[in-house]
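Scroll down for the structure; my scribbles are underneath it.
Each chain gets a letter, A, B and so on, in the order its sequence line appears, and its residues count up from 1.
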Amino acid sequence: MLEYAATDVLHLHDLRKSLEAKINDTAVHLWPVVDLEHRMIKATAHMSAVGMPVDSGVLDECVRESREEADRKLTELDALLTAPVPEDYVKRNTKSKSVPEDRNERVNWNSPEQVLWAFREVAGLELKNTSKETLPEVDHPVAVGLLEYRQALDVYKRFRETKVVDGRVYAKWNQLKARTGRMSCEKPPLQGIPEPLRRAFVAPAGKKLVVSDLSQIEIRVLATLCGDESLRADLEAGRDVHQRVAASVFGKEFDEVTKSERKMAKALVFGTLYGLGISGFTARVNAMTGATYTQAQVQDKFRGPLFAPYPKVQEWVDRVAADYEDGKQVSYTRLGRRRLQVPSVPAALNTPIQAGATDVMKAIAVAAHEGLRPTWEIVGLVHDEILVLVPESDAVEAKDWLHHIMIKVGGEATNQGVPKAMQVEVDAGTHICDTWAEKDYPRRSP
DNA sequence: AAAGTATGCGCG
DNA sequence: AAAGCGCGCATACTTT
């Protein structure tokens, strides 16, 4: 059963009270982030109260299609395995509440254990797990079918209980739950809406969604942290950082880089930035290229050239890791957001970047909320993205207004206390949409 | 029966 | 499986 704003109204006073301790615990007193979090309380309350607009018809359709597609995949899977399942499994299936009665005698494809058994039974294959990283390497129809089944079922499984009240869903927004300071959201998790469901989130008649997302904000925060001049210059000139890394890694000219090479480089950059070790790095390279490089080869061919264009990034990674090993388990952002007892080197690398980006987005959310017109509503905050619902007649004005805040306020927060020579611009993509799905496929003409 | 852990997967 | 981070959530299975 979900909770709704109607029964779970966020009284600003209570919200503030419940957050006071957390805010003080999160930050050093008098630092800008304390003021930021206090002002953010009103934005959070506002967002919680107004809800996210959704077309319940489209939502139902997405959920229904998901279920139907999954059922088709289930039938295909069953056809591949005719052998009787072990008594033990039948017994468990019978006990399980979520297995329909007529499926007790069949493999429960939701059970990793039974899936492993199925692979053994039908193909003599001994798999280590059934994850989506493992299955694509298995040359068997069951592997394909299972991946398709899981993907098909996803929307049904996660959103069939989503309740719509007068065209809105009222989620629970948490201002200070994530250890990096990021917002989180539950029931439903509006920050985790899968792509096929995005089209269900629509502006009601007479209104428009203005959607804006920060461009490469984590990379920009990184640039202010490490002070790499060529990284700063590339961001300033609007050059594609991941493409440049790809060119270095694959020994190509910038313009020769393919889409998949860029994607690969991007994954490797973030992996390394967040403390992926050489063994994990090697596994990822081999998974992406289909090759079987050794760790030494990968070090030479991929890891070494990775940050060649941006030497200070590597220096920063090495220094943060070394400091952590020396016992420095506290992390601060420029606005004074603090995380104590950072659990690992990877987290020590990730925290200043993720928390720094959070400061930027919360500064934007606060500025937007405080400058909001009475008829405008902030309906969503998805880490580097903000959704504002406005009357259709205000759409263009609101878009310009929001875009300006993203760049101006975002830039100020990003460069707070950063030496002039290391400062980076902030950029954003801002679009007027009818549905959330349009953000990635902006319409040409309004 | 309730609570906890593991697996798997979506989003940034 | 693995030392990439931060979340929420369904399902299976175990422990209390």
Residue-phosphate contact under 4.0 Å: [X] side-chain N/O, [N] OP1/OP2:
{"X": "A:R160", "N": "C:dA10", "value": "no"}
{"X": "A:N108", "N": "C:dT11", "value": "no"}
{"X": "A:T351", "N": "C:dG6", "value": "no"}

[X] has a side chain; which of [options] sits nearest to it?
{"X": "A:F270", "options": "B:dG8, C:dG4, C:dG8", "value": "C:dG4"}
{"X": "A:N110", "options": "C:dG6, B:dC9, C:dA12", "value": "C:dA12"}
{"X": "A:P112", "options": "C:dG8, B:dG12, B:dG8", "value": "B:dG8"}
{"X": "A:S98", "options": "B:dC9, C:dT11, B:dG12", "value": "C:dT11"}
{"X": "A:E195", "options": "C:dT11, C:dC5, B:dC11", "value": "B:dC11"}
{"X": "A:N174", "options": "C:dC9, C:dA3, C:dG8", "value": "C:dG8"}
{"X": "A:E113", "options": "C:dC13, C:dG8, C:dG6", "value": "C:dC13"}
{"X": "A:R92", "options": "C:dG6, B:dG12, C:dC13", "value": "C:dC13"}
{"X": "A:A283", "options": "C:dA2, B:dG8, C:dT11", "value": "C:dA2"}
{"X": "A:P189", "options": "C:dG6, C:dG8, C:dG4", "value": "C:dG8"}

Could you state the [atom1]-[atom2] distance from [X] to [N], rounded to the nearest angstrom?
{"X": "A:I353", "N": "B:dG12", "atom1": "CD1", "atom2": "C1'", "answer": "14 Å"}
{"X": "A:N350", "N": "B:dG12", "atom1": "CG", "atom2": "C1'", "answer": "11 Å"}
{"X": "A:I217", "N": "B:dG12", "atom1": "CD1", "atom2": "C1'", "answer": "13 Å"}
{"X": "A:K266", "N": "C:dC5", "atom1": "NZ", "atom2": "C1'", "answer": "15 Å"}
{"X": "A:D154", "N": "C:dA10", "atom1": "CG", "atom2": "C1'", "answer": "10 Å"}
{"X": "A:K97", "N": "C:dA12", "atom1": "NZ", "atom2": "C1'", "answer": "14 Å"}
{"X": "A:K95", "N": "C:dT11", "atom1": "NZ", "atom2": "P", "answer": "19 Å"}
{"X": "A:Y149", "N": "C:dA10", "atom1": "OH", "atom2": "P", "answer": "15 Å"}

So, does the side chain of A:Q354 form a donor-acceptor pair with the base of C:dC5 at under 3.5 Å?
-> yes

Can you find a donor-acceptor pair, distance only, under 3.5 Å between A:R182 side chain and C:dG6 base?
-> yes

What one should report as the nearest heavy-atom pair of A:W173 and A:L381 is CZ3-O, 3.3 Å

Considering non-hydrogen atoms only, spot the tightest contact between A:L36 and A:A363 and give its length.
-> CD1-CA, 3.5 Å

For a quick check of understanding: with a heavy-atom distance under 4.0 Å over all strands, which category does [X] fall into, base, sugar-phosphate or nothing?
{"X": "A:S184", "result": "sugar-phosphate"}
{"X": "A:S96", "result": "sugar-phosphate"}
{"X": "A:R284", "result": "base"}
{"X": "A:T358", "result": "nothing"}

Taking for each residue the nucleotide of DNA chain C with the nearest heavy atom, is it A:K157 or A:N129 whose nucleotide lies nearer the 5' end?
-> A:N129

A:Y89 or A:K177: which one's nearest nucleotide on DNA chain C is closer to the 5' end?
-> A:K177

Taking A:N93 as the fixed residue, which of A:E101, A:R106, A:Q114 is the one that meets the side-chain hydrogen bond (donor to acceptor under 3.5 Å, both in side chains) rule?
-> A:Q114

Do A:E385 and A:K439 come close enough that some side-chain heavy atom pair is under 4.5 Å?
-> yes

Donor-acceptor pair between A:R220 and A:T414 side chains, under 3.5 angstrom = no

When you look at A:L235 and A:E425, which way does the side chain to side chain contact (heavy atoms under 4.5 Å, CB included) test go after all the steps?
-> CA-CA 7 Å; A:L235 289 170; A:E425 290 178 359; over 6 Å; no

With distance as the sole test, does A:D384 use its side chain to make a donor-acceptor pair with the main-chain N or O of A:D213 at under 3.5 Å?
-> no

Stem list, DNA chain C (Watson-Crick or G-U pairing under 3.5 Å, at least 3 consecutive pairs) = B:1-12 with C:5-16

P gap between C:dG4 and B:dT5, integer Å = 23 Å

Measure the acute angle between the ring planes of A:F119 and A:H140, then classify it against the limits of 30° and 60° as parallel, tilted or perpendicular.
-> perpendicular

Mind checking the OG1-CE spacing from A:T430 to A:M406? Nearest 0.5 Å is all I need.
-> 6.0 Å

